[in-house]
Protein chains: 2
Amino acid sequence: MIDSTTSTSSTTKTAVTCANCNLDNLCIPKGLPRSEVGELALLVNRNNIRQKGEAIYHAGSPFRGIIALRSGSAKLLSFDQNGNELVVDFILPGELLGFDGMSSQIHNCTAIALETVNYCHLPAYKIEILAINTPGLSQVLLQRSCNQFDAQVQKMMLSRRSAEERVACFILHISDRLSIRGYSELEFRLSMSREEIGNYLGIAHETVSRIIHLFQARKLIAVKSKQLKITDKKGLFSFYAT
Amino acid sequence: MIDSTTSTSSTTKTAVTCANCNLDNLCIPKGLPRSEVGELALLVNRNNIRQKGEAIYHAGSPFRGIIALRSGSAKLLSFDQNGNELVVDFILPGELLGFDGMSSQIHNCTAIALETVNYCHLPAYKIEILAINTPGLSQVLLQRSCNQFDAQVQKMMLSRRSAEERVACFILHISDRLSIRGYSELEFRLSMSREEIGNYLGIAHETVSRIIHLFQARKLIAVKSKQLKITDKKGLFSFYAT
DNA sequence: CGTTCATTTGACCAGCATCAATACGCGTGG
DNA sequence: CCACGCGTATTGATGCTGGTCAAATGAACG
């Protein structure tokens, strides 16, 4: 649940606002004029914390606004009628979250922290205020939400491909997203389990294991538990060029 | 391509505006106060026509705005790196189109008419004007675009299910969408080919044929070429309840 | 009335799910 | 510091779903 009363106040250390946040080129303010970033900063709740396994919001709960992950990662889940989890997406630092509740004002997905997360929260009612005072923000949010559309098309593409191609693409996609945010693109930690990867990609977790093993045998990657190192990016890439 | 110079002027018959259009509860104006609908009506290009097989816009072309289908249907395509078509969605009368270009200002999908279509067009630059004068519109567009997100989650669900379940769900989904728009929910024409259905559902067109045959044998549906009649809706429905 | 494309139907087999057993990693407590 | 236990990951064996190839039938259109 989004609940600012559980937030750690940011006044205990140097105040971080949107204008000086290290994510300011990735997060909501991207593309906003500097003056409007200032206005945005006044409306955002910062330093919300969730531990691994805790929910950021639940499916069925009312939409409370848009969330920007500052650190840590999360998974976005949906459930089928039998209660089976479906991993809709993984959310990495600097990425936005919450669009699944904007249409109906009720979330149809659940967001769970995969490790300790720290996030900012732009409350829903403030979005409406901003839409009037800060027309640029509406545009930015609209573009961001349509970004999700682009991402979904990519996912559909993947669902037509072989299990090997899906895993290769998954690894490269995570790598890309991390590198945009300043992390190493060749060596990182997969914060999600094999099961969650399989669920996300639509393949069995055993298949994920087998393919990761195969990629190691082919010297494309080196894996130690959740730590992953890409040793032959071109080799991995060649999977979806064919 | 969106090009209002090829439009048939609406002045030749009784002027249809957003306020008296029979789709006004489904299209962009849904949820807008009446006064704002009037403003919207002034900015929309009406009566754009495309014949079967013609493109409404192409992937790679600049985003020109949001489109609302007044009649006819269309398919939204993407292409993989080998040039294979991927049917991203089918668009039915009263539904909106064009969000795939909003994020980057370049369309990453191609929209093709499946039969003669008549559509309205809200130009991109007018969206920005409206965002200032008509704050409600931004909200509506934002909600609509996030609707797409919800729809994509449903599609991901489908991609985990068996071919039979996918076809059953596809038929029921089309039925629902048509009935919302006042068409018969039990008898309608599938304007797309088996190939396109298969492409959309991620299965081979032969499999689509086989399953449609199977459903007929089980008395769930009656099919004559592209004409389809649902004879046992509950039976079809039971597919994704299990 | 023939040409062309869409659809149907059949036969075969590959990819991946599923089931099962084992190994590994990690935290807990002795 | 090691032993135990539980969850995650790996690895193997088997079978089914649905893809692919091929041929036949049907529909649309000039």
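Numbered from 1 within each chain, the chains take letters A, B, ... in sequence-line order.
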Grab the [atom1]-[atom2] distance between [X] and [N] for me, whole Å please.
X: B:E206; N: C:dC12; atom1: CD; atom2: P; value: 16 Å
X: A:L158; N: C:dC16; atom1: CG; atom2: C1'; value: 16 Å
X: B:R166; N: D:dG18; atom1: CZ; atom2: P; value: 7 Å
X: A:I212; N: C:dC16; atom1: CD1; atom2: P; value: 15 Å
X: A:F215; N: D:dT10; atom1: CZ; atom2: C1'; value: 17 Å
X: B:K224; N: C:dT7; atom1: NZ; atom2: P; value: 16 Å
X: B:K52; N: D:dA28; atom1: NZ; atom2: P; value: 10 Å
X: B:R194; N: D:dG19; atom1: CZ; atom2: C1'; value: 19 Å

Ignoring hydrogens and geometry, is there a side-chain-to-backbone donor-acceptor pair from A:N48 to A:N118 under 3.5 Å?
-> no
Short question: side chain of A:R181, backbone of A:R177 - any donor-acceptor pair under 3.5 Å?
-> yes
What's [X] touching, base or sugar-phosphate or nothing? Going by heavy atoms closer than 4.0 Å.
X: B:K226; answer: sugar-phosphate
X: B:H205; answer: base
X: A:G202; answer: sugar-phosphate

Side chain to side chain contact (heavy atoms under 4.5 Å, CB included), paired with B:S78, selected from B:D89, B:V88, B:T110 = B:V88
Of B:S193 and B:R210, whose nearest nucleotide on DNA chain C comes first from the 5' end?
-> B:S193
More 5' along DNA chain D: A:S225 or B:A204, using each one's nearest nucleotide?
-> A:S225
Taking the six-membered ring for Trp and the single ring otherwise, decide whether the centroids of B:F188 and B:Y183 are under 6.0 Å apart.
-> no
Can a side chain N or O of A:S162 be found less than 4.0 Å away from OP1 or OP2 on C:dG15?
-> no
Taking only side-chain nitrogens and oxygens of B:T207, does any of them come within less than 4.0 Å of OP1 or OP2 of D:dG18?
-> no
Say whether A:Y119 and A:N45, considering side chains only, have a donor N or O and an acceptor N or O under 3.5 Å apart.
-> no
